[in-house]
There are 2 protein chains.
Amino acid sequence: MSFEADLKQTARDVDSLLDALMPPDRARARRVVDAMRYASLGQGKRLRPFFVVETARLLGADREGALRTGAALECVHCYSLVHDDLPAMDDDDLRRGKPTTHIAFDEATAILAGDGLLTFAFEILSEPETHADAAVRAELVLELARAAGKAGMVGGQMLDLQAETNGTPLGLDDIVLLQNLKTGALFRYALVAPAILAGADDGVRGALETYADRIGLAFQIADDILDEEGDAAVTGKRTGKDADAGKATFVQLLGLEGARARARELVSEACAALDRFGAEAETLREAARFIVERRN
Amino acid sequence: MSFEADLKQTARDVDSLLDALMPPDRARARRVVDAMRYASLGQGKRLRPFFVVETARLLGADREGALRTGAALECVHCYSLVHDDLPAMDDDDLRRGKPTTHIAFDEATAILAGDGLLTFAFEILSEPETHADAAVRAELVLELARAAGKAGMVGGQMLDLQAETNGTPLGLDDIVLLQNLKTGALFRYALVAPAILAGADDGVRGALETYADRIGLAFQIADDILDEEGDAAVTGKRTGKDADAGKATFVQLLGLEGARARARELVSEACAALDRFGAEAETLREAARFIVERRN
């Protein structure tokens, strides 16, 4: 199967699983469940779950457990989008071509839906269906909590907000650190979680972490390039926004050509980190290239 | 040791532990860690951790693991207060006699601090220091995620917001359901978690759940009574607020005397549920009485 067909298949499978795990609530709290479903179903490329599922395949881990782990990771990703889009944060009204959750529902419901998605991720991971070995489940929870928390995504988001407030644009080292926390931590989890599921050794895990770090940064550089030259009709969100807000972007720091060159370099490094897996890792190499070549 | 001395001792121990687990971040994300510390340290009665620690003692479970579990539960409780106080939710500017987190910091930082505390709870629980057996840690995570999520606290908070928006005051059954989710779920966890830590049998767990359900509801009725007749200088928050907001309260539905009688009845039922533990459970019985007699 080609990479793009693989990606679409995983997206469908993750969607079906989330739909089944999070059915509309017939009881009175239905509204928050509707908002959680709105924020997480039927949209997005599902890149993070794809990396979980594809890496699990590479390592010989069970697909069902990988899909559940990917679904949990996607819940965390979606919660972060819902909260980041809030008026007090980035104040975005459009996401993936749809009104953001606080626009489609209301601000209070969006806050609760984000809280609910974050909490649900840990519920999914800690259920026996994710892996028969409780030690694996506990480690999946621990690593996700670290990736999402104050020393990971939450910390990165704080740095991002502070950089905006301070009005002094970040330098290249700062922006790399910020992105490493803000988006890199979840990409790293997408590659580390399958290693946990498969009981892989430290060498395998280290190689996957190197790959993850490179594609995480490449992903962010590509995002900045899309933001600079993109078209809202294609990207599904407002473009030029970061530059307008005075945020330092990789494009500003490196120039458009410099940013493109750096992204390509990172993809090469990511692919090289997979050498030990040989031809079996070709889909992951295609995925790395896709990340910098995508149009949205 | 008397119950009140016990309660104070546990509060000090939980505070020291949280302080150690969550040191000020010297790195650039310091602000969100400061806000997490502001929202969780040096305040509150620490009732929920007290129930975890005292019940663990009753069941012969390790105190250190119970303190960590109590600290995690307190993180979830504090996160819920931070988010509930936000302008888009209850819009409160005073909590435990101090400015709420979004007043002391700002709204974006408060949203992130709440997210950080919720996430950190799962990090604490899933670390090996909480219990040597990973199956115990995974079950602690699963039960906390269920108690805090859409079928627990988040669901209850949604019902509460909807009741306000709809403008039709809730009936007694509805308000009992709402409180059972909104505050009852975390009280239940405070009693169930020690049973998990101790590997207690279903009979013990069932008795503790009955006790928890009764004190959870009694706690909320006592809150409504305090809100009706309380003094902001003593309670540390604005009083009469729920009635002003048109929220149905137990006092409105049962009258002041009726609410007091119902609270006393629930305390009796809670104490009776502990019969199987004999005199060893006397501190928990005192705690149940304290819950309805407290002045703040």
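Order of the sequence lines fixes the chain letters, A, B, ..., with proteins taken first and strands second; residue numbering starts at 1 for each chain.
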Interchain contact, Leu118(A) with chain B, by part (heavy-atom threshold 4.5 Å): side chain

Side chain / backbone / both / neither for Phe122(A) at chain B, heavy atoms under 4.5 Å: both

Heavy-atom contact with chain B under 4.5 Å, split by part of Arg137(A): side chain

Side chain to side chain contact (heavy atoms under 4.5 Å, CB included), paired with Leu253(B), selected from Leu172(B), Asp174(B), Asp224(B): Leu172(B)

Engaged part of Met36(A) at the chain B interface, taking heavy atoms whose separation is under 4.5 Å: side chain

Heavy atoms from other residues, nucleotides or ligands near CG of Asp201(A) exceed 12 (cutoff 6.0 Å): yes

Interface moiety of Leu112(B) toward chain A, non-hydrogen atoms closer than 4.5 Å: both

Part of Leu86(A) lying under 4.5 Å from any heavy atom of chain B: side chain

Gap separating the CG atom of Leu197(B) from the CG atom of Asp133(B), nearest 0.5 angstrom: 10.5 Å

Nearest-0.5 Å distance that lies between atom CG in Leu186(A) and atom CG in Leu144(A): 7.0 Å

Most contacts with chain A, counted as non-hydrogen pairs under 4.5 angstrom, among Glu143(B), Lys150(B), His102(B): Lys150(B)

Spatial distance of atom CG (Leu18(A)) from atom SG (Cys78(A)) [nearest 0.5 Å]: 7.5 Å

Winner by heavy-atom pair count (cut-off under 4.5 Å) against chain B, out of Gly156(A), Ala88(A), Ala110(A): Ala88(A)

Selection from Glu107(B), His83(B), Met22(B) maximising heavy-atom pairs under 4.5 Å formed with chain A: His83(B)

Best-contacting candidate, Glu139(B), Met153(B), Gln162(B), against chain A by heavy atom pairs under 4.5 angstrom: Gln162(B)

Salt bridge (charged side-chain N to carboxylate O under 4.0 Å, His left out) partners of Asp106(A), counting only residues at least two apart: Arg31(A)

Contact listing (chain A partner; residues 66-73 of chain B; heavy atom under 4.5 Å): none

Atom pair CD/CG of Gln157(B) and Leu161(B) - distance to nearest 0.5 Å: 5.0 Å

Interface residue of largest heavy-atom contact number with chain B, from Val32(A), Asp115(A), Val141(A), Val154(A), under 4.5 Å: Asp115(A)

Approximate separation, where rounding is to 0.5 Å, of Leu125(A) CG and Thr130(A) OG1: 6.0 Å

Nearest-0.5 Å distance, CZ of residue Arg146(B) to CZ of residue Phe120(A): 9.5 Å

Residues Arg48(B), Glu74(B): salt bridge by 4.0 Å N-O rule: no

Any side-chain heavy-atom pair of Phe187(B) and Asp213(B) under 4.5 Å: no

